[in-house]
Amino acid sequence: MIKNIKTIILELHSFIILWITQALSSLGSAMTNFAVVIWSYQQQGSALTTALLAICSYAPYVLLSIFAGALSDRWNKKITMLVSDSFAALCSIFLLILLMTDNLQIWHLYLINTLNGLMNTVQQPASDVAVSLLTPKKHYQKVSGMRSFSNSLVTILTPVAATALLSFTSIKVVILADLITFSLAFVSLLFFIKIPKVKKHSIIKKETVWQSAKSGLYYLKNNRGILNLILFLAVINFTASIFNAALPAMILSRANGGEMALGIVNACTGIATMSGSILVTVLPSPKSRVRVICNSLLFSMSTENFILAFGNSTLIWSIGAFLGWIFIPFMSANMDVLFRMKIPIEMQGRVYSARNTLQFFTIPLGYLCGGFLVDYVFEPFMSAQTEGNLWVSLFGVEKGSGAAMLFFIIGVFGMLSCLPFRADKHIWSLEKN
């Protein structure tokens, strides 16, 4: 057993360095984002205003990803990651200066998030391909589980660390912590990690950026199983982003909620994904990856939304968050393995970028719909209800009851959306070797 662990560490040593340092940097960035969401909601008290932060992050990412992937396949992966991360650090420094001079306004955050989203369009596909280059194929599922584990650990630690720093210091200290973790990741990537180069075919070298971008779409068009799986995730992302837009508005505004309650619920989400990540890392590969993906999402959609809709305490919300996320790492890891095994490595940058456009374009739409529906549809509707009304009996009358009603609706929508994709023959064809 010890010998096997040593062998795995030796085979994955470069990936492990990248994994640990990038996870720390992600924690710093996530803490800043968490603090900014709380700051913006305290300033405006609007779900839509807070949701626009996420929209500004995702919009350029979705719109330009397809071209960024073509460039990413041409560019040096290590340099691309270093430049993108450095730009994000400069944005954090700009945010810190605005805070220290008392000049920060909400539109500054929109601009910063937009710029970060723009750079993430080239950083993300470069990072995904780098993982493939650093990882032997036999360790793909293990690596996917490890990445899911670190993401969940970041989810756990983010609200705890950010809330503690905000309580005892200020948002400025949170940003300083972000910059420290960035510095560690930057130095490690620059000096201690060597990313192999991708062997390019001559036809790829002759392609223009536009032709390279189209080749990613053509690949998906000719591989309907992967395309339909991406479209399935696009529908789920739409539902999940509506949920994410409504969650802070409900918990921060309810009598039993607040910043601490939001932090606890987010931490429980992280505990669930960490638990699932550990399981998916140590368990053997499933006989059917497609079945795991579909069933994991169906379980998630049919639990968390309804528990949060009808719950009215931090404990109940936390249970809902745990059940809703416990199987998500199984979905993520198995989908990641399918993509890495099916897509040729020299095509992965372009195909991943085409995937990002198709799979994630619903996220800004979902945040926009979620913020709008909470502020202008469901909250006004619930505030107009009289005591003893059916809707009041189900969701309450206080502020945040409109968001709770929205959770119920998207729960129904999410469950129904899983069914047709679960029966899709093209998705099931991915099981064939």
Side-chain angles (χ1 to χ4, degrees), residues 26-54 57 106 109 113 151-171 173-175 177-178 240-274 303-325 328 366-367 370-371 373-375 378-379 395-396 398-407 410:
S26 296
L27 174 62
S29 300
M31 288 167 56
T32 297
N33 291 335
F34 184 87
V36 164
V37 166
I38 291 178
W39 183 89
S40 64
Y41 193 80
Q42 289 174 339
Q43 297 294 313
Q44 306 290 330
S46 167
L48 182 58
T49 299
T50 304
L52 283 172
L53 291 171
S57 295
I106 193 69
L109 298 178
N113 280 18
N151 290 337
S152 60
L153 191 60
V154 167
T155 304
I156 295 172
L157 295 177
T158 294
V160 176
T163 302
L165 288 176
L166 287 173
S167 299
F168 295 104
T169 57
S170 68
I171 190 175
V173 177
V174 175
I175 298 173
D178 183 7
S241 55
I242 293 177
F243 173 93
N244 290 335
L247 183 65
M250 186 191 81
I251 295 182
L252 289 174
S253 59
R254 287 217 157 182
N256 294 330
E259 294 178 19
M260 186 64 69
L262 180 61
I264 292 173
V265 172
N266 283 337
C268 287
T269 296
I271 292 171
T273 53
M274 183 176 68
T303 53
E304 183 178 19
N305 292 295
F306 298 108
I307 293 175
L308 266 73
F310 299 119
N312 195 30
S313 70
T314 303
L315 176 61
I316 299 300
W317 297 330
S318 298
I319 292 173
F322 185 88
L323 293 176
W325 287 88
I328 294 301
Y367 271 101
L373 290 172
V374 169
D375 285 350
F378 289 99
E379 288 295 345
F395 306 112
E398 61 184 315
K399 188 176 181 181
S401 58
M405 184 179 184
L406 180 57
F407 287 152
I410 61 177

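On a predicted model such as this, the values are computed, not experimentally measured, just so you know. Heavy-atom basis, side chains included; hydrogens, waters and symmetry copies ignored.
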task = Find the distance between CD1 (Ile106) and CD (Gln43) and round it off to the nearest 0.5 Å.
result = 8.0 Å
message = Pair Leu53, Asn33 - check side chain to side chain contact (heavy atoms under 4.5 Å, CB included), show working.
response = CA-CA 9 Å; Leu53 291 171; Asn33 291 335; over 6 Å; no
remark   = Residues at least two apart in sequence or cross-chain that pass ring-ring contact (aromatic ring centres under 6.0 Å, His included) with Phe243, listed by chain then number, are Phe407
ask   = Among all residues two or more places apart in sequence or in another chain, which pass the side chain to side chain contact (heavy atoms under 4.5 Å, CB included) test with Thr50?
value = Val37, Ser40, Tyr41
query = Among all residues two or more places apart in sequence or in another chain, which pass the side chain to side chain donor-acceptor pair (under 3.5 Å) test with Ser26?
reply = none
ask   = Rounded to the nearest 0.5 Å, how far apart are CD1 of Ile264 and CD1 of Ile271?
value = 10.0 Å
query = In Å and rounded to the nearest 0.5 Å, what is the CG to OG1 distance from Leu109 to Thr49?
reply = 11.0 Å
key: Among Thr158, Val154, Asp178, the one residue meeting side-chain contact (heavy atoms from CB on, under 4.5 Å) with Ser29   = Asp178
key: Minimum-distance pair of heavy atoms, taken over all atoms of Ala162 and Met31   = CB-O, 4.0 Å
task = Please report the shortest heavy-atom distance between Ala249 and Val374, naming the atom on each side.
result = CB-CG1, 4.2 Å
inquiry  = Run the side chain to side chain donor-acceptor pair (under 3.5 Å) test against Ser57 and tell me which residues pass, sequence neighbours left out.
reply    = Asn113
inquiry  = Do Asn266 and Leu247 have side chains that approach each other closer than 4.5 Å (heavy atoms only, starting at C-beta)?
reply    = yes
request  = Check Ala246 against Leu406 and note the closest heavy-atom contact, atom names and distance.
outcome  = CB-CD2, 4.1 Å
note = For Ala35, the side chain to side chain contact (heavy atoms under 4.5 Å, CB included) test, sequence neighbours excluded, returns Leu166, Ile171, Val174
remark   = Residues passing the side chain to side chain contact (heavy atoms under 4.5 Å, CB included) test with Ile307, sequence neighbours excluded, are Ile316, Leu323
key: Set of side chain to side chain contact (heavy atoms under 4.5 Å, CB included) partners for Ala51, sequence neighbours left out   = Ala245, Tyr367
Residues that Phe306 engages under ring-ring contact (aromatic ring centres under 6.0 Å, His included), provided they are two or more places apart = Phe408
request  = Sequence neighbours left out, what passes ring-ring contact (aromatic ring centres under 6.0 Å, His included) with Phe378? Give chain and number order.
outcome  = none
inquiry  = Going by side chain to side chain donor-acceptor pair (under 3.5 Å), name the residues that satisfy it together with Ser241, two or more places apart in sequence or in a different chain.
reply    = none
remark   = For residues 305-320, the side chain to side chain donor-acceptor pair (under 3.5 Å) pairs (sequence neighbours left out) are Arg254-Asn312
task = List for me each residue that meets side chain to side chain donor-acceptor pair (under 3.5 Å) alongside Glu379, sequence neighbours excluded, and say none if there are none.
result = none
ask   = Looking only at heavy atoms, what is the nearest atom pair of Ala321 and Val265, with distance?
value = CB-O, 3.8 Å
